[in-house]
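Note sheet for the following structure.
All heavy atoms count here, side chains included; hydrogens, waters and symmetry mates do not. First the proteins, then the strands, lettered A, B, ... as listed; each starts at 1.
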Amino acid sequence: MSLPKAYEHKGVEDRWYRFWEERGYFRGQVNPKRNPFSIVIPPPNVTGELHFGHALNNTLQDIIIRYKRMDGYEACWFPGTDHAGIATQNVVERELAKEGLTRHDLGREKFIERVWSWKEKYGHRIREQLKAMGCSCDWERERFTLDEGLSKAVREVFVRLYEEGYIYQGERIINWCPRCQTALSDIEVTDEESEGRLYHIAYPIEDSEEAIVIATTRPETMLADTAVAVHPKDERYEKLVGKTAILPLLRRKLPLIADEAVDREFGTGALKVTPAHDAVDFEIAQRHQLEMINIFNADATTNEKAGPYQGLDRYECRKRVLEDLKREERLIKEELYVYAIGHCQRCHTVVEPILSKQWFMKMTELAKPAIQAVRKGEIEFIPKRWEKIYFDWMENIKDWCISRQLWWGHRIPAWHCDDCGELTVSRKTPKACSACSSKNIQQDEGVLDTWFSSALWPFSIMGWPEKTPELTYFYPTSYLSTAPDIIFFWVARMIMMGLHFMGKIPFRVVLFHSIVKDEKGRRMSKSLGTGVDPLELKDQYGMDAVRFTLAYSMSQGQDLRLSLADVEGARKFLNKIWNATRFALMNLEGFSAKGLTLKQLPLQLEDRWLLSKLARTIEAVRAHLDSYEFNVVGSTLYDFIWHDFCDWYLELIKPRLTEGASDKRAAQYVLYLTLRETLKLLHPYIPFLTEELWQKLPEKEAESVMIAPFPRSESAWLDPEAERSMNILQELIVSIRTIRSALNVPPGKQAKVLIRTEEPAVERLIREHESFFQDLAWVKELSVGAHVQRPKQAPRKVLEYAEVFVSLDSWIDLDRQRDQLRHELEELRQKLASTERQLNNVEFLAKAPKEIVDKEKAKSEELAAKVERLEKNLELLGV
RNA sequence: GGGCGAAUAGCUCAGCGGCAGAGCGUCCGCCUUACACGCGGAAGGUCCCAGGUUCAAAUCCUGGUUCGCCCACCA
C-alpha cells in the first residue's frame with residue numbers, strides 16, 4: 001500500500017460522513033446502561049445559510065459530542081431549525097415582490113402555503129451544510145419549530161401561562177416596525193446613533209400673550225399631543241400649571257400639567273405629551289387620565305386623526321408640519337442633535353412607538369427562579385462575566401410583547417367573541433365562546449414571537465408535553481453553546497421556561513463562544529459583504545482544516561479573527577499528520593500488536609520519553625476539553641504531534657526500523673500505540689482525516705475511530721526520569737546544531753564534537769546515546785568526559801551541566817562565532833545582574849518561599865559559571 | 001449616562017503573581033528517502049501610559065489614553 005505524498009481532502013470528507021451515518025453512529029438512544037450526554041443545537045433560521053459563527057459554534061458542539069460519545073456516554077445531539085417568523089416572511093415577501101405581488105394579493109392561506117413550499121425547497125440546505133461540516137447530529141431527531149409536535153407544545157405553554165395569569169392582552173406602547181408592519185419586543189429594536197434635529201416649538205397659552213416652548217425631535221407627533229407637562233418643582237413654570245395651552249396648527253386645547261417624569265434640564269424643561277407615541281408620555285397620560293390619540297396607520301402614514309395632514313408618510317408629515325410652524329412663527333429654534341433612534345433588528349427601518357393592543361407575558365416572577373439557578377451555580381456561564389449581564393437584565397426585566405402581526409408563525413390560540421367580546425383561550429379550536437356559547441368567534445389574527453417557540457426548544461424537541469422517555473433520560477441537556485448576542489432572546493427565556501414547565505434547568509453549562517470576524521477585524525456579515533461561506537473554505541482547504549482553525553483560534557471571551565494564513569497552517573498540520581502516519585504505516589507492514597505488552601518489550605529511552613509525553617498530552621487534552629478551552633487542546637495536540645512525535649521521536653527511531661534491528665519491535669509497538677491514541681485524540685477536531693487514517697491502521701481497535709474509546713492517560717507511562725534525560729540530550733543536540741549553523745556548516749559535513757562534563761550521570765547518558773548525536777547533529781566523532789580539553793579555537797556552547805565544543809578545523813568563521821558569543825554574553829550578564837539583585841534583597845530572602853529562593857540561587861550560580869566560561873572563551877578568541 | 005472587553009515580537013494572538021511564548025512573516029543554511037505543504041538554526045519585546053500593593057507585577061489595585069461591544073424612557 002502506498003499513499004500519495006500529500007493529503008488531498010477532496011472526496012474523502014463526504015465519503016466518511018456517509019459511512020458514519022449509514023452505520024447509525026449519530027443515533028442517541030435511551031440507554032439506562034450509560035450516562036446520557038445531550039446537546040440541543042441552537043436552531044438556525046430555515047431560510048438562512050450558515051456563516052462562520054455557525055461554523056464555529058457547531059464545530060465546538062461537534063467536538064464535545066464526539067468526545068463524550070467516544071468516552072462512553074450515550075451522546076445525543078438534537079438538531080433542527082427555526083421558522084424565524086419575521087426573517088422568513090421577509091424573504092418570501094421579497095420573492096413575491098419580484099413578481100410584483102404582496103402577501104395581501106395572495107391572502108393569508110396562500111401566502112403561508114408559499115412560505116411552506118419555500119421552506120421545503122430551502123430548509124434542507126442547513127442540514128446539508130451541517131453535514132458538510134461533519135456535525136454528528138442525530139438526524140432522526142431533527143425538528144422544526146413549526147412542526148406539529150412543537151406547535152402543540154407552544155399551544156400548551158400559551159394556554160397554561162394564560163390560565164396562570166402570566167399571559168395577558170393589553171393596550172400599551174409597543175415598538176412598531178412600519179415596514180414589517182408588526183409589533184416588536186424591546187430587544188428586537190436596536191438603537192443607532194443618528195444625527196437629527198431638536199426643534200423648539202412655542203405653544204401659546206390660552207387667554208394670554210405668553211407661550212410655552214417645548215423641544216422635540218419628532219415634531220410630527222405633536223398632532224397627537226394631549227397635554228404639556230413640566231416638572232412640579234420647576235419654578236419657571238409654576239404659575240402655568242393648570243392653565244391651558246393651544247396646540248399650534250390643530251388648535252387643540254392641551255392641559256398644562258405637572259409630572260415628576262419631566263427632566264428640568266432637558267431642552268426648555270417643558271414636555272409635549274404624546275401618549276400614543278411615546279412610552280414615557282403614555283405613563284404620564286395614565287397618571288393624569290389624558291386622552292390618547294394615535295395618528296398613524298400601520299405603515300406609519302398619518303390617519304384621519306392627523307386632520308389636514310392625513311395620508312402623509314411620517315417624514316413628509318414632519319416636513320409639512322415644520323413648514324407650517326415656520327409660517328405661523330411657532331418654530332423658535334432648531335439645532336443639530338445626535339441621538340439614539342430605534343431601528344428594526346430585521347429590516348433596519350426606524351421603529352415607531354405606537355399605542356397598540358397586544359399580547360404580553362409577565363416576566364418578573366418567571367425570572368426569579370431563573371436568576372437563582374445561575375446564582376447558585378446550577379447553570380454555569382462561560383465566560384463568567386456573562387452572568388452579570390444576565391442578572392442585570394433579568395432583575396430589571398420588562399413584560400414581553402409576544403404577539404406579532406405576521407402570518408408566518410404560531411397562530412395565537414385565542415378567539416374573540418363577536419357577541420360578548422370575551423376571549424376564549426384554548427389548546428384546540430373551540431366551537432363556541434366559552435363565556436356566552438356564541439358561535440361568532442374569530443381567532444386572533446396575530447402569531448407569536450418566533451422566540452416564544454425557541455424558548456421551549458430544549459424540551460419541546462424531546463416530545464413535551466408528552467411524557468417521553470427522551471425527556472426523562474436526556475433532559476436537562478449537558479451543554480449549550482451559543483453566541484452571546486442571543487443571551488436575552490434565547491438563553492434567558494429557555495431557562496425561565498425550562499424551570500417553569502419542566503421544574504428543572506434546561507442545561508448545565510452555557511458556553512458563549514467568540515464572535516467570528518474577518519481578517520480586518522470586521523464582523524462577518526452578509527449584509528456588510530464581509531461574509532465568507534465556510535463551505536467555500538471547505539472546498540479549498542478541507543473542513544478539517546477549517547474546524548481545526550476555528551477551535552484553535554477561539555479563546556474564551558475573546559473575538560476570533562479568522563485568518564486564511566491560519567487555515568493554511570492547519571492544512572499543513574493535516575499534511576504533517578498524513579505524512580507521519582504514512583511513515584508509520586510503511587514501517588508497520590507485517591507488524592502485529594497482538595499479544596504484545598509494553599512490559600515485555602525492550603523499551604529505549606526515547607520510547608519511554610514519548611509514552612510519558614503521550615500520557616501528559618492525553619491528560620491535558622481531557623482536562624481542557626472538560627473546561628471548554630478548545631484552543632489549548634489544539635495547541636497541545638499540535639505541539640505533541642509536530643514537535644515531540646515527528647521532530648524527535650520519528651527521527652530517533654529511524655535507525656531502529658531498519659531490517660534486523662534488535663529493538664525494532666519495541667519501536668514499532670510504541671509507534672503503533674502513539675499513532676492510534678493520537679488519531680483518537682484528534683478525532684473530535686479533525687474527524688475526516690482521522691477516519692481516513694484509522695481505516696489504514698494494521699489492527700483497528702474499532703471499525704471506526706468515531707466509536708473507539710477516547711484515550712485515557714496511563715500512569716504507568718509517566719516517566720520523569722526519561723523526560724529529564726531526553727531534555728539533556730535534546731539540549732546538547734540543539735547546542736551542536738546551533739554552533740554548526742552559526743558557522744554555516746552544512747549538515748552533510750560531519751563534525752567532531754567534544755563535551756566536557758563533570759557529572760558522571762550526564763557522561764554516561766551521552767555515551768549510551770551516541771547514535772543520537774550522529775543521526776540528529778551529524779557528529780562523526782564524540783569525546784565526552786571531565787577531562788576533555790577544548791581544541792584550539794573550537795567554538796563552544798555552555799550549558800548548565802556541560803560545555804560543548806565543535807572542532808571544525810579549517811572552516812571556522814571566527815567573526816561569526818565572536819559576534820554570537822558577545823550577544824550571548826550580554827544576555828547572560830543581564831540575567832545574572834537581575835538574579836543578583838534579587839539575592840541581595842533581604843526581604844526576598846526572608847519572605848519568598850524557600851524553593852523560589854533556592855531556585856534563584858542555583859540560577860545565579862549557573863549564570864555566573866557560564867559568564868565566566870564565556871568570558872574566557874572570548875579572551876581565547878582574541879577579543 | 002452606566003456596564004463590559006481589548007492594548008504583549010513586523011502581523012494575528014496565547015499567557016494573567018515566580019526565567020516573556022506560539023503561528024505567520026523576516027534572515028541564514030539544507031532536496032538529511034514520511035512530509036520543500038518539509039528540515040535545521042537565528043534575529044526580533046518600555047508586555048499602552050502614570051501611580052500603588054507585593055520579597056517579586058505583562059499578570060493584582062487605582063487613575064488615564066486609544067479602540068471595540070453591550071445596556072439605558074433626556075423628549
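- Checking B/rA72, B/rG41, B/rC37 against the side-chain heavy atoms of A/D191 singles out B/rA72 as nearest.
- Minimum atom distance to the side chain of A/W778 is reached by B/rU32, of the listed B/rC73, B/rA75, B/rU32.
- Nucleotides B/rC74 and B/rA20, compared at atom P, are 50 Å apart to the nearest Å.
- The nucleotide B/rU54 finds no pairing partner, because no Watson-Crick or G-U wobble arrangement with both distances shorter than 3.5 Å includes it.
- A close approach under 4.0 Å does not occur between any side-chain nitrogen or oxygen of A/W642 and OP1 or OP2 of B/rA34.
- Considering only side-chain N and O atoms, A/K517 lies nowhere under 4.0 angstrom from the phosphate OP1 or OP2 of B/rU12.
- B/rG40 is paired with B/rC28 under the criterion used here, namely a Watson-Crick or G-U wobble arrangement in which both key atom distances are under 3.5 Å.
- Using atom C1' as the reference point in both B/rU54 and B/rG38, the two lie 49 Å apart (nearest Å).
- Rounded to a whole Å, the CG atom of A/L650 is 14 Å from the C1' atom of B/rU33.
- Using a 4.0 Å heavy-atom criterion, one finds that A/S555 contacts the sugar-phosphate atoms exclusively.
- The side chain of A/H643 sits closest to B/rG23 out of B/rC37, B/rA34, B/rG23.
- At the phosphate of B/rG29, neither OP1 nor OP2 sits under 4.0 Å from any side-chain N or O atom of A/S741.
- A salt bridge is absent between A/R172 and A/E283; no separation between the charged side-chain nitrogens and carboxylate oxygens falls under 4.0 Å.
- Shown here, B/rC69 forms a base pair with B/rG3; the pair counts as Watson-Crick or G-U wobble because both key distances fall under 3.5 Å.
- A/R264 and A/D234 are not joined by a salt bridge, as no carboxylate oxygen comes within less than 4.0 angstrom of a charged side-chain nitrogen.
- Checking the phosphate oxygens (OP1, OP2) of B/rA34, a side-chain nitrogen or oxygen of A/K654 falls inside 4.0 Å.
- Summary of the strand contacts: A/A261 and A/D186 both lie near RNA chain B, and taking for each the nucleotide with the nearest heavy atom, the more 5' one is attributed to A/D186.
- Base pairing annotation: B/rC74 forms no Watson-Crick or G-U wobble pair, as no partner gives both donor-acceptor distances under 3.5 Å.
- Taking atom C1' on both nucleotides, B/rC71 is separated from B/rU12 by 30 Å, rounded to a whole Å.
- Contacts of A/A848 with the nucleic acid, taken as non-hydrogen atoms under 4.0 Å apart, include base atoms.
- Side-chain N/O atoms of A/R385 include none lying less than 4.0 angstrom from OP1 or OP2 on B/rC4.
- Taking side-chain N and O atoms only, A/T738 has a distance below 4.0 Å to OP1 or OP2 of B/rA42.
- Listed nucleotides B/rA22, B/rA75, B/rC37 differ in distance to A/L271; the shortest reach to its side chain belongs to B/rA75.
- At B/rC55, one or more side-chain N or O atoms of A/K847 fall inside 4.0 Å of OP1 or OP2 (strictly under the cut-off).
- For B/rA34, its base sits under 3.5 Å from the side chain of A/E651 at one donor and acceptor pair at least.
- Listed pair A/R561 / B/rC13 meets the phosphate criterion, a side-chain N or O lying under 4.0 Å from OP1 or OP2.
- On the C1' atoms, B/rC67 is 44 Å away from B/rC30, given to the nearest whole Å.
- Between A/Y337 and B/rA75, a side-chain N or O to OP1/OP2 separation shorter than 4.0 Å is present.
- Nearest nucleotide to the A/P849 side chain, out of B/rC55, B/rA14, B/rG23: B/rC55.
- When distances run from any side-chain atom of A/D647 to the nucleotides B/rC71, B/rG40, B/rC55, the shortest one goes to B/rG40.
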*Full working for side-chain contact (heavy atoms from CB on, under 4.5 Å) between A/M222 and A/V321*: CA-CA 9 Å; A/M222 69 181 287; A/V321 163; 3.8 Å; yes
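- In this structure, of B/rA75, B/rG23, B/rC35, it is B/rA75 that holds the atom nearest to the side chain of A/V262.
- We find that CG of A/D259 is positioned 13 Å from C1' of B/rA75, with the value rounded to whole Å.
- Taking atom C1' on both B/rG17 and B/rC61, the two are 13 Å apart, rounded to the nearest angstrom.
- Checking B/rG63 for Watson-Crick or G-U wobble geometry (two distances, each under 3.5 Å) identifies B/rC49 as its partner.
- Both cation-pi conditions hold for A/K654 and A/F583: the charged atom is under 6.0 angstrom from the six-membered ring centre and inside a 45 degree cone around its axis.
- For the pair A/N396 CG and B/rC73 P, the interatomic distance rounds to 10 Å; values are reported in whole Å.
- Listed candidates were B/rG23, B/rC35, B/rC24. Nearest to the side chain of A/A565 is B/rC24.
- Rounded to whole Å, the separation between the P atoms of B/rG21 and B/rA36 comes to 31 Å.
- Atom CG of A/D392 is separated from atom P of B/rG5 by 12 Å (rounded to the nearest Å).
- The residues A/E220 and A/R314 are annotated as not salt-bridged, no charged nitrogen and carboxylate oxygen being separated by less than 4.0 angstrom.
- Counting only N and O atoms by type, the side chains of A/K272 and A/T221 include a donor and acceptor under 3.5 Å apart.
- Residues A/W393 and A/A584 both approach RNA chain B. Their nearest nucleotides, taken by heavy-atom distance, put A/A584 toward the 5′ side.
- When each of B/rA75, B/rC55, B/rA34 is scored by its nearest atom to the side-chain atoms of A/C646, the top-ranked nucleotide is B/rA34.
- Taking the P atom of each, B/rC60 and B/rG18 are spaced 11 Å apart, rounded to whole Å.
- OP1 or OP2 of B/rC39 sits under 4.0 Å from a side-chain N or O of A/K576.
- When the C1' atom of B/rC70 is taken as reference, atom CG of A/D559 falls 12 Å away, rounded to whole Å.
- Whole-Å rounding puts the A/K5 NZ to B/rU33 P distance at 11 Å.
- Checked by atom type, the side-chain pair A/Y801/A/E731 shows a donor-acceptor distance below 3.5 Å.
- Atom pair A/I852:CD1 and B/rC19:P shows a separation of 8 Å (rounding to whole Å applied).
- At most 12 heavy atoms of other shown residues, nucleotides or ligands fall within 6.0 angstrom of atom CD in A/E265.
- Put simply, the side chain of A/H277 gets close to the backbone of A/I295: a donor and an acceptor are under 3.5 Å apart.
- Spacing of C1' atoms, B/rG44 relative to B/rC27, comes out at 11 Å, to the nearest Å.
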